[in-house]
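First comes the structure, then the notes that go with it.
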Amino acid sequence: MTALLRIDNLYKQYKGSKFFLSSGFRNAVGPINFTLEKGKILTIIGENGSGKSTLVQMIAGVIPSTSGDIYINDHALATMTRQDRCKSVRMIFQNPKVSLNPKMTIGKILSAPLELNTDLTAAQRKQQIIATLELVGLLPDYLQFYPNMLSAVQQHQVAIARAMVLNPDVVIADSILSTLDISLGFKIVNILLKIQEKKGVSFIFISHHMNLVRHISDQIIVMQKGIIVENNTTDNIFNSPQKMITKNLLKSQQPDYRK
Amino acid sequence: MLINNEFNEQKIQSPLHYIWSIFLKNNFAVFAMWVGIGLILISLFADVIVLYSPFLQDPEHLLSAPYWIEGGTTEHLFGTDDLGRDTLARLIKGFQFTFGGALVITCAITFVGAIIGSTAALTRGLKASVLHHLLDALLTIPTLLIAFILIVLFDPSYQNALIAVSLSLLPQFIRGIYNTIDSQLNKQYVVALQLDGATNIRLLRFGIYPNILEPIVTLVNRIFTMAILEIATLGFLGFGTQSPDIELGKLIADSIDLSYLSPWLIILPGLLIFIIIMVVNIFTEGLRHAIIQGED
Amino acid sequence: MLNYLFRRLNLLLITALILSIIAFIISLWSNQARTVQDVNVFILYLDYMGNILQGQWGISLINQKSHMQNGLIAFSSTLELCLVALLTSVIIGIPLGIFSGIYRNGILDYTIMSIALIGLALPAFWLAIMLIMLPITFDMGLPVDGNISPIYDIPMITGFQLIDSLLASDLYNLAAFVDRLTHLILPSVVLSFFLTSEIIRLTRYSISQVMKSNYIKAANTKGLTVIQIVFRHVLKNALPPIIPQLRLQLNTIISIAMTVEIVFDAQGSGVWLLTSIKAGDYLALSAAVIIISGFILLSSIVIDILQMFISPTTRKMLYADK
């Protein structure tokens, strides 16, 4: 079985603050190589500033990569049309308070990706949006609401719905739980797991909750200073961590509140 | 349905409606708005309103004072000038030119500036950089000097004064719009909309402009204030409206020799300019407050 | 750091180039009749720039002096007016702005902001005429025209007449200095109206932004009094951002100063340009572009660089750029 997502020698470099004659290229991230199979959940862990967010933002297309390729079903993202790209990779932003436009209704926020990337009629779009809202556990009434009228969890649900409305292959969730407390966080995670079960999408998570990571992910990538230091299945990482950084990260695990 | 419908109507109010409802609670600003609307109506129908023609000379009342001063008549409420022309009529006519001109200029600058500023903010590379340097250069020339240059290149006339004022204020507006849009571009909701594949126009229409109302109101207010002041200044210096047309600044310049005989001829036009600017500023200040409160 | 200086220098050069082209176009236009059609514009420009750099800016039709000399003398007088007005405005405006920003939306704030609004709404030339007409001006015997009484013949040393008259104190004791100062009072009062309201607005905004921040809340929880908070935390963070904002207003300030000078018939750039234009001497305009815009450009770059040295946040921005 070929991999759904394949990252090949991906680099991100910044022109750093340089002095007059030095070349001043600073490696932010890279080289990155990994693969992700369909329907699996990958979690990226690492310290702050280790390049996790930069990596997923490059995959989602928020920031361009300097060199290297990203393949989805063996098609390079760079050669795909914008619409196909949107339909295959979607991103859930960290904090829905700032990623949902306060001046647009939920209905408009959700219909924008459909309008721009599909040929559906208005009625079909509405149907699709309502189906997606049901998928994430929201009532269709919320369509006319503005984001600031919703609770934090509901805002998260809307953000997830925005990512899911195009039925993508890969969904990226950049530390979405960091703004919620743990019980609400589990609610969101359960919604995501339910979606994964129903739709068979692959997820890429960034998270600091080690218990959660262990609970949900199939594969774990450990990053440090812009490169991947460990890439293995969840069991292998948790049972026999190879690198010091992995051990330290795992040590930070919090007590399990579910017990 | 979980949500009660009656409740719904009250609850789901578009942000603009919400801002407007906050604005309406501010009596001061609402009053200013009505005065402002009144001013616009006056400037539109100035020719109908005036009791006398502003050029009609009344040899029986030369240099008469306003009626509340000793020696004034109720025939000419605000008095007359040295040729016996009715001050009120001249004020209204002059007001029409100054206020109307500033209004037209502000609309034009807002429209053109918004287009150029948005384009500049959304493009990168050589074009944007050329525009930036050009703006930087234009912003270092004082507005009065720009106006002087343009007035000398073309001849002094009301239309050319308007063009000169708008060209001297345009760079400021473009720079302001550019900065506000630029600060919006790294907001996550804009990035999210970009990821959805939104075109630039859609991005501006739904993502950016609804969220920068407050800076835009401030900028437009500023442009309007400066436009009034500059039109009047150019008129005063003799580079604006030419006789027999009148304009508030020119009205002051024409009467300057009479300053000790009839100071009202100078005081009244200046007060009118002052009132216009106050009214517009109070109105926009109320609007700004409402927008800021509405966004919290 | 060095990189930043280079970028500023680059900006300076390009902007100066654009300004020189504008000045060139004006001069080209003003003696269009004399230009030969088949000469390349580019060569004409180089010619013009060569003359400018050698200080040959053309001869004024008014007093047969060089445009450069006339312009520099006039502009230094304008600048003197601006500086005096700036000084008074800062002394009045900053404290008012601080009060206003700290007690935001209180009665004091509304009062101060109303005053600031009035300062903005009064047209400068009208205010100047009003001041001349006021009986109190007459009673106090304040001079309302010119830079300095013609009886004083002060040798030109720095161009700033306040300083020159002080330097010439062996001729007239301090009489010339006092005379110059009284001549400056009314114009700078008019200019200060606008400038003070600008400074109040900027200070208020800056202070209220700082007052919202978490470190001020933290300082509150420490039990510091308002005065302690203001002096220890607020001022240090709120005042530096005002300077670049004020820099953007520099061209408006100079415009108003020129208008005020015209009303008071003070021999500054306003009167210089007005008489030159009326005499049909349009080369003065291109000289004015070079002098005034050059001054604004240079001063803004100096302010930028100074800002970089005093304010840690701008320094941080330099390192973070991509």
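Just the heavy atoms: all of them, side chains too, but no hydrogens, waters or symmetry mates, feed the values below. Please read all numbers here as calculations on a predicted model, not as lab measurements. Numbered from 1 within each chain, the chains take letters A, B, ... in sequence-line order.
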Self-check item: Over 12 foreign heavy atoms within 6.0 Å of CG, A:Asp119
Solution: no
Exercise. Just give me the residue among A:Gln83, A:Arg90, A:Arg85 that pairs up with chain B most often, heavy atom to heavy atom, under 4.5 Å.
Key: A:Arg90
Quiz prompt | B:Lys187 atom NZ: more than 12 heavy-atom contacts under 6.0 Å | solution = yes
Quiz item: Is the number of heavy atoms from other residues, nucleotides or ligands under 6.0 Å of A:Gln124 CD greater than 12?
Solution: yes
Quiz item: Of all heavy-atom pairs between A:Ala112 and B:Leu193, which one has the smallest distance, and what is that distance?
Solution: CB-CD1, 4.2 Å
Quiz item: Between A:Asn101 and B:Phe206, is there a donor-acceptor pair closer than 3.5 Å when you use the side chain of the first and the backbone of the second?
Solution: yes
Practice problem: Determine, for A:Arg82 against B:Asp196, whether the closest basic-nitrogen to carboxylate-oxygen distance falls under 4.0 angstrom. | Solution: no
Practice problem: Indicate the atoms forming the closest heavy-atom contact of B:Ala192 with A:Ser99, along with that distance. | Solution: CB-O, 4.1 Å
Quiz prompt | Check: A:Lys103 side chain, B:Pro210 main-chain N or O, donor-acceptor pair, under 3.5 Å | solution = yes
Quiz item: Does a sphere of radius 6.0 Å around NZ in A:Lys194 hold more than 12 heavy atoms from other residues, nucleotides or ligands, not counting ones at 6.0 Å or beyond?
Solution: yes
Quiz item: Under the side chain to side chain contact (heavy atoms under 4.5 Å, CB included) criterion, do A:Met91 and B:Leu195 qualify, and how do the steps go?
Solution: CA-CA 9 Å; A:Met91 179 155 174; B:Leu195 265 192; 4.2 Å; yes
Quiz item: What pair of heavy atoms forms the shortest contact from A:Cys86 to B:Gly197, and how long is it?
Solution: SG-N, 4.2 Å
Quiz item: Can you check side chain to side chain contact (heavy atoms under 4.5 Å, CB included) on B:Arg202 and A:Leu116, steps first, answer last?
Solution: CA-CA 10 Å; B:Arg202 196 190 175 93; A:Leu116 291 160; 3.8 Å; yes
Practice problem: Please step through side chain to side chain contact (heavy atoms under 4.5 Å, CB included) for the pair B:Tyr189 and A:Ile109, ending with a clear verdict. | Solution: CA-CA 10 Å; B:Tyr189 48 78; A:Ile109 291 177; over 6 Å; no
